[in-house]
Amino acid sequence: MTRPDEPLVLGIETSCDETGIGIVRGSTLLADAVASSMDAHAAFGGVVPEVASRAHLEAMVPTIEQACSDAGVRLADVDAISVTAGPGLAGALLVGAASAKALALGLGKPLYGVNHLAAHVAVDVVEHGPLPEPMMSLLVSGGHSSLLLVPDITHDVRPLGQTIDDAAGEAFDKVARVLGLPFPGGPHIDRAAREGDRVAIDFPRGLSSRRDLERHEFDFSFSGLKTAVARWVETRERDGQPVPVADVAASFQEAVVDVLTRKAVAACAKEGVEDLMLGGGVAANSRLRALAEERCEAAGIRLRVPRPGLCTDNGAMVAALGAQMVMRGREPSRLDLPSSSAQPVTEVQV
């Protein structure tokens, strides 16, 4: 139930290939409109930055109009504009930032430039209510695999670990290509794995040995796993044997989610945190959700996972973080706020 005094915030997300426009009143989601250019990138086997930027330009106005229509509000009703300032593709971020600045200036509304990763955490307020403080967050996507301690989502996000090479989502895409599955690889591997045996092939678990844990306790590495899968498949093909796609997919997926969930639960235990939130596109993976739930229950940790549509990039998450900024009295960003493709997660607002 919304209150009339809660801020109405419009969020713009253009860090990669989705043009996302979200509208949130307080912590209530009113609209989440997304225009994806994924089909335009599929032929290339990955996201092409120039294609993404052009798609954002074409989709921006109609997606804003769609969100306003869905929410039943006018642009003039909005109390603040929130936009992803980084990290992401440089050109794509610039399209979103320029659009947000134009709206803020034209409407005379405050502007909040926010961090993409922090927004992935903040979106859970529209699903499960106020975020516990502190909370642990495991963010897993095509570009990021991070463990974050979050005492305050509006200004205090502390990285405990991150990927040192391929992110989990990137590894899913590359393994899917090896198996002849379409791009993006995550959903197709998830689907194929349901018919496979998770223990059929013993693929490596990166940075999990005792020596690795001393130096990279909460860091992730999936490059070696990706290479191991490719070599296993090449050996089968060279020997003239069929490749059991479902078993390879299931065994690879299990190696990824085993490491992710094991380290996330260990981080909660070490930091004395009782709440874990999963976010990012890979958090839509069914096996990751199931294993996280199983291990959190065993460890007495409360698990929060937004529905799949809120795990992938969307404007709702940006609007949600912007609304939190407004409600906590954070100062707006300057109209000349910069966009940064390498914005650190510790910089929640610019």
Side-chain angles (χ1 to χ4, degrees), residues 1-3 5-7 9 11 22 24-29 79-80 82 84-87 110 112-141 144-162 217-218 260-261 263-280 283 289 292-293 295-307 310-311 314 316-333 343-350:
M1 183 176 179
T2 62
R3 299 201 316 266
D5 59 330
E6 292 182 322
V9 179
V24 167
R25 186 181 292 280
S27 58
T28 302
L29 179 60
D79 296 309
S82 182
T84 297
Y112 291 83
V114 302
N115 190 289
H116 176 82
L117 300 182
H120 268 302
V121 180
V123 76
D124 198 50
V125 302
V126 305
E127 186 92 333
H128 298 115
L131 300 179
E133 295 179 342
M135 180 181 71
M136 192 70 65
S137 181
L138 173 63
L139 293 186
V140 199
S141 68
H144 307 278
S145 297
S146 307
L147 262 175
L148 309 173
L149 178 63
V150 187
D152 184 333
I153 191 57
T154 64
H155 79 105
D156 189 2
V157 177
R158 307 172 191 178
L160 300 184
Q162 60 188 348
E217 185 176 14
F218 299 127
L260 290 172
T261 56
K263 291 201 173 192
V265 170
C268 289
K270 183 173 183 178
E271 297 294 331
V273 175
E274 298 179 344
D275 297 270
L276 172 65
M277 179 260 181
L278 298 186
R289 287 169 169 252
E293 185 175 353
R295 287 181 168 169
C296 282
E297 184 176 356
I301 296 168
R302 292 180 291 268
L303 179 65
R304 296 168 63 116
V305 192
R307 62 181 181 270
L310 293 180
C311 289
N314 60 81
M317 67 188 202
V318 181
L321 182 51
Q324 293 298 308
M325 294 283 184
V326 175
M327 289 190 291
R328 296 201 181 200
R330 304 297 174 197
E331 288 295 318
S333 304
Q343 183 179 343
V345 70
T346 50
E347 195 172 84
V348 179
Q349 181 187 359
V350 296

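Remember, it's a predicted structure, so these values are computed and weren't measured experimentally. Below, all heavy atoms of this structure are taken into account, side chains as well, without hydrogens, waters or symmetry copies.
In terms of modelled atom types and a separation under 3.5 Å, the side chain of Arg304 and the main chain of Gly129 share a donor-acceptor contact. With Glu293 contributing its side chain and Leu303 its backbone, the two residues share no donor-acceptor pair below 3.5 Å.
Closest approach of Ala85 to Gln343, counting heavy atoms only: C-OE1, 3.3 Å. Closest of all the heavy-atom pairs between Leu147 and Ala267 is CD1-CB, 4.0 Å. Shown here for Gly22 and Ala319, the closest heavy-atom pair between the two residues is O-CB, 3.6 Å. In plain terms, the two heavy atoms of Ser137 and Val150 that are nearest each other are CB-CG2, 4.4 Å. Annotation for Leu139 and Gly280: closest pair CD2-N, 4.3 Å, computed over non-hydrogen atoms. When every heavy atom of Val326 is checked against every heavy atom of Pro7, the shortest pair comes out as CG1-CB, 3.6 Å.
His116 meets the ring pair (Phe, Tyr, Trp, His ring centres under 6.0 Å) test with His120; sequence neighbours excluded. In this structure, the side-chain hydrogen bond (donor to acceptor under 3.5 Å, both in side chains) partners of Asp156, at least two apart in sequence or on a different chain, are Arg158. The side-chain contact (heavy atoms from CB on, under 4.5 Å) search around Ala266 returns Phe218, not counting sequence neighbours.
Under the 4.5 Å side-chain criterion, counting only non-hydrogen atoms from C-beta, Val318 is in contact with Val114. Side chains of Leu321 and Tyr112 form no contact here, defined as non-hydrogen atoms less than 4.5 Å apart. Side-chain contact check for Glu217 versus Lys270: some heavy-atom pair is nearer than 4.5 Å. Proximity of Leu131 to Met277: side-chain heavy atoms (C-beta onward) are nowhere separated by under 4.5 Å. Proximity of Asp152 to Glu133: side-chain heavy atoms (C-beta onward) are separated by under 4.5 Å at one or more points. Within the 4.5 Å cutoff, side-chain heavy atoms of Met136 are placed close to those of Leu149. Under the 4.5 Å side-chain criterion, counting only non-hydrogen atoms from C-beta, Met135 is not in contact with Ile153. Within the 4.5 Å cutoff, side-chain heavy atoms of Val140 are placed close to those of Leu260.
Distance check, rounded to the nearest 0.5 Å: CE of Met325 to OG of Ser333 gives 7.5 Å. The SG atom of Cys311 lies 10.5 Å from the CE atom of Met317; values are rounded to the nearest 0.5 Å.
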Given Thr154 and Arg330, is the side chain to side chain donor-acceptor pair (under 3.5 Å) satisfied, shown in steps?
CA-CA 8 Å; Thr154 64; Arg330 304 297 174 197; 3.0 Å; yes
Assess the residue pair Glu271 and Leu160 against the criterion (side chain to side chain contact (heavy atoms under 4.5 Å, CB included)); give the C-alpha distance rounded to whole Å, side-chain angles, the decisive distance to 0.1 Å, and a yes or no.
CA-CA 10 Å; Glu271 297 294 331; Leu160 300 184; 3.9 Å; yes
Carefully, step by step, assess Glu274 and Arg302 under the rule side chain to side chain contact (heavy atoms under 4.5 Å, CB included).
CA-CA 6 Å; Glu274 298 179 344; Arg302 292 180 291 268; 3.4 Å; yes
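Under 3.5 Å, the side chains of Thr261 and Arg295 contain a donor-acceptor pair of N or O atoms.
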